[in-house]
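Atoms within a ligand are numbered from 1 in the order they appear, just like the ligands themselves. Only this structure's heavy atoms are used, side chains among them; waters, hydrogens and symmetry mates stay out.
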Amino acid sequence: MSSRLVYLETFGCQMNELDSELVAGQLHALGYRFTTSADDAHVVLYNTCSVREHAEQKVWSRLGELAQRKASEPNLVVGVLGCLAERDGVDLVKRMPVVDVLVGPGELDKLPNLLDNALRTRESLSADPAPEDPNARKGLTSAREIALQGGSSRRSTTLAAAADSLELLDLSRSVSPLDPSDQPSKSAYVRITRGCNKFCTYCVVPFTRGAEIHRPPQHIIDECKMLADRGVIEITLLGQTVNHYRFEHAAAVTVGGITQPQKGRSFTGGHRRDPFAGEQTTTFADLLARIHDEVPAIQRLRFVTSYPRDFGDDVLEVIRDHPRICRYLHVPAQSGSDRILKLMNRGYTVSEYLEFVDRVRHFLHQPEIARPVGISSDFIIGFPTETDEDFEATASLIRRARFKNSFIFKYSPRPGTVAFDKLEDDVPDNVKRDRNTKLLALQNEVSDQVAREYVGHTLRVFVEGPSKKHQSQTRAREQQTHHHNHSHHGTVSLTVSARPTPADDAACQSACSTAAISPEPTRDHAEPSTIQYCARSDTDMIVFFDAPSPQAGAPDLTHTFAEVHIDRVRALSLFGTRHP
Ligand code: 5AD
Ligand code: SF4
């Protein structure tokens with residue numbers, strides 16, 4: 001078992017982060033241990049993303065480095081999990097023979113077996129090397145462990161007939177023991193749907209993650225309760241089109257005593273109420289209300305990512321009437337041009353999108369008590385045939401919708417998609433870059449205006465922990481005084497975000513909420529007896545405030561709620577004073 005030290009690195013979206021967590025939990029329960037350093041590991045796993053080329057390149061370069069290492073360490077086991085594995089399949093292994101294990105996102109439940117096989121093969125090879133085998137001499141084995149959905153990737157078509165073993169992976173979370181050395185987290189993701197049926201023409205997700213399926217509501221609620229019992233107070237529900245969630249009880253199928261996830265049959269009645277809501281059907285609105293009411297220990301309930309169409313008034317009412325559901329919607333618009341939206345197969349027009357934004361504000365905006373609603377978006381610029389006029393239309397949508405932030409991506413042609421096959425990537429890269437910069441500048445202006453509306457109000461914020469400024473100061477102090485404190489908590493997964501980070505693209509940084517943590521420069525009179533905390537409002541605004549330091553005997557405010565009066569805005573973040 002000593003050879004079962006795993007390094008797991010995660011690329012891409014929150015869904016991948018959750019997959020990694022579940023996979024790590026399973027492997028942990030089987031006796032595997034984790035390391036934060038790839039160099040120490042016997043097993044290196046990459047949970048990959050293929051939504052844009054940039055995310056893929058990182059994996060290719062990591063694999064290139066491992067190929068060198070494997071020449072001197074033939075027993076090293078390398079696994080590629082996730083969307084890149086599914087999309088490229090065995091071609092990936094041909095290009096990178098260093099890869100021993102390949103598992104698509106729809107087959108992750110099979111990883112423990114495949115990994116075990118791969119390790120056993122290594123062990124028996126090293127016990128009985130076969131030098132006449134050229135693969136063995138190169139440090140390779142011809143045996144590969146592969147689980148992909150392949151051509152049948154729209155897996156859920158057979159769901160009614162066969163047990164959905166992937167559901168067991170989600171369910172396994174409740175039985176996998178936590179590493180006692182790990183700090184239990186206060187925030188968690190819970191999957192409610194998997195896959196996607198939208199087939200936007202630029203997007204690989206419907207091919208890599210397969211058809212949309214909806215998990216049984218009781219499984220979701222039990223998972224939320226189990227997490228709450230472990231101390232989690234903030235849950236983010238995940239789905240590619242999360243608001244399409246809908247479970248029809250009359251059609252439920254049980255296999256081996258377990259209710260099976262259901263092929264997605266979303267309600268397409270626009271913003272009307274679902275007439276079958278209630279006893280027969282658990283709609284997305286029903287699910288939110290049930291989690292809110294049945295798991296009151298969850299102080300903050302969020303969900304991402306929403307699809308702009310089919311977002312019912314019932315959902316908005318539930319958010320309005322349930323105080324622990326966050327007033328934050330991430331609803332990618334992708335473009336502000338009807339012509340481009342059509343080419344993207346998005347299924348709505350700009351005026352329909354704006355009607356949706358107006359409806360959201362109508363239901364949820366309460367400026368008088370500083371409970372506005374935070375709406376954020378994604379945009380793809382430089383989609384094939386995008387003209388200056390199309391681009392101006394996108395800029396105008398940003399102005400009109402007043403997003404609190406937007407994630408802006410340059411179009412990246414993805415093999416396997418309709419756009420890749422049918423539309424030439426004809427917007428030159430310098431034009432894409434120029435539009436990217438302009439749109440970010442505009443979004444920053446809008447974000448700054450949105451942030452300024454909070455000044456003078458008091459917000460109830462959830463404290464995430466000491467700010468990065470504070471952490472770096474503490475580190476600097478520790479280094480000066482040679483008090484190194486290596487407290488490795490066996491971090492299971494490192495994430496390379498699919499969202500732009502400063503390293504990805506400096507210009508993207510300030511529009512990106514997660515990267516916008518840009519605390520104030522140190523003030524000379526800053527007392528070591530105070531600490532700067534970083535917190536978040538339920539509208540997803542980042543808030544910094546100072547408070548007495550736990551090192552000076554004050555209570556640690558991390559993972560508690562605080563009332564903060566907002567004094568000013570800097571770099572799109574809010575700064576305030578805590579009410580005692
Ligand atoms: N090129 C650029 N951006 C893309 N996205 C998805 N596919 C592509 C692509 N081929 C963006 C969309 C989506 C986000 C997660 O990634 O904006 O909302
Ligand atoms: Fe991709 Fe469109 Fe599905 Fe989102 S809705 S995952 S962009 S296909």
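For C196, the nearest N, O or S atom to atom 3 (Fe) of ligand 2 falls under 2.8 Å.
Within the listing of ligand 2, atoms 8 (S) sit less than 4.0 angstrom from a heavy atom of F199. Counting atoms of ligand 2 from 1 in the listed order, those under 4.0 Å from a heavy atom of T241 are 5 (S). For ligand 2, the atoms sitting less than 4.0 Å from at least one non-hydrogen atom of R346 are 2 (Fe), 5 (S), 7 (S), numbered in the order shown with element in parentheses. When each atom of ligand 1 is checked for a heavy atom of K410 under 4.0 Å away, the hits are 1 (N), 2 (C). Near P206, meaning under 4.0 Å from one of its heavy atoms, ligand 2 places the atoms 8 (S).
Using modelled atom types, one finds no donor on one side chain facing an acceptor on the other under 3.5 Å when comparing T437 with D434. The closest side-chain donor-acceptor pair between Q334 and Y202 falls under 3.5 angstrom. There is no side-chain donor-acceptor pair under 3.5 Å between T394 and R435. Checking S537 against Y328 by side-chain atom types alone, no donor-acceptor pair falls below 3.5 Å. T387 and D390 share a donor-acceptor pair across their side chains, judged by distance under 3.5 Å alone. Between the side chains of S335 and S337, no donor-acceptor pair is found at a separation under 3.5 Å.
Looking at P332 against ligand 2, nothing comes within 4.0 Å, counting heavy atoms. Within the 4.0 Å heavy-atom criterion, the part of F409 lying near ligand 1 is the side chain and not the backbone. Heavy atoms of T305 found under 4.0 angstrom from ligand 2: none, in either backbone or side chain. If you look at V51 next to ligand 1, the close heavy atoms, those under 4.0 Å, come from the backbone and the side chain alike. Contact annotation for Y202 and ligand 2: only side-chain heavy atoms (C-beta onward) come within less than 4.0 Å of the ligand.
Regarding atom 2 (Fe) of ligand 2, its nearest protein heavy-atom neighbour is C200 SG, 2.3 Å. For atom 1 (Fe) of ligand 2, the nearest protein heavy atom (residue, atom name, distance) is C203 SG, 2.3 Å.
The side-chain tip of R359 does not point at the ring of F311 from less than 6.0 angstrom away and within 45° of straight on.
In terms of polar-atom proximity, defined here as any N/O pair under 3.5 Å, Q334 does make such a contact with ligand 1. Among the atoms of R414, none of the N or O lies under 3.5 angstrom from an N or O of ligand 1.
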Step-by-step side chain to side chain contact (heavy atoms under 4.5 Å, CB included) determination, F207 to E86: CA-CA 8 Å; F207 305 98; E86 184 63 48; over 6 Å; no

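The minimum heavy-atom distance between F303 and V242, with the atom names listed, is CD1-CG1, 3.7 Å.
Among H54, M344, R52, the residue whose heavy atom sits closest to atom 16 (O) of ligand 1 is R52. When the options R209, Q240, H244, M15 are ranked by their closest heavy atom to atom 6 (S) of ligand 2, first place goes to Q240.
Panel note: side chain N16, backbone T10; no donor-acceptor pair is recorded below 3.5 Å.
Relative ring orientation between Y348 and Y353 is described as tilted, the plane-to-plane angle lying within the 30° to 60° band.
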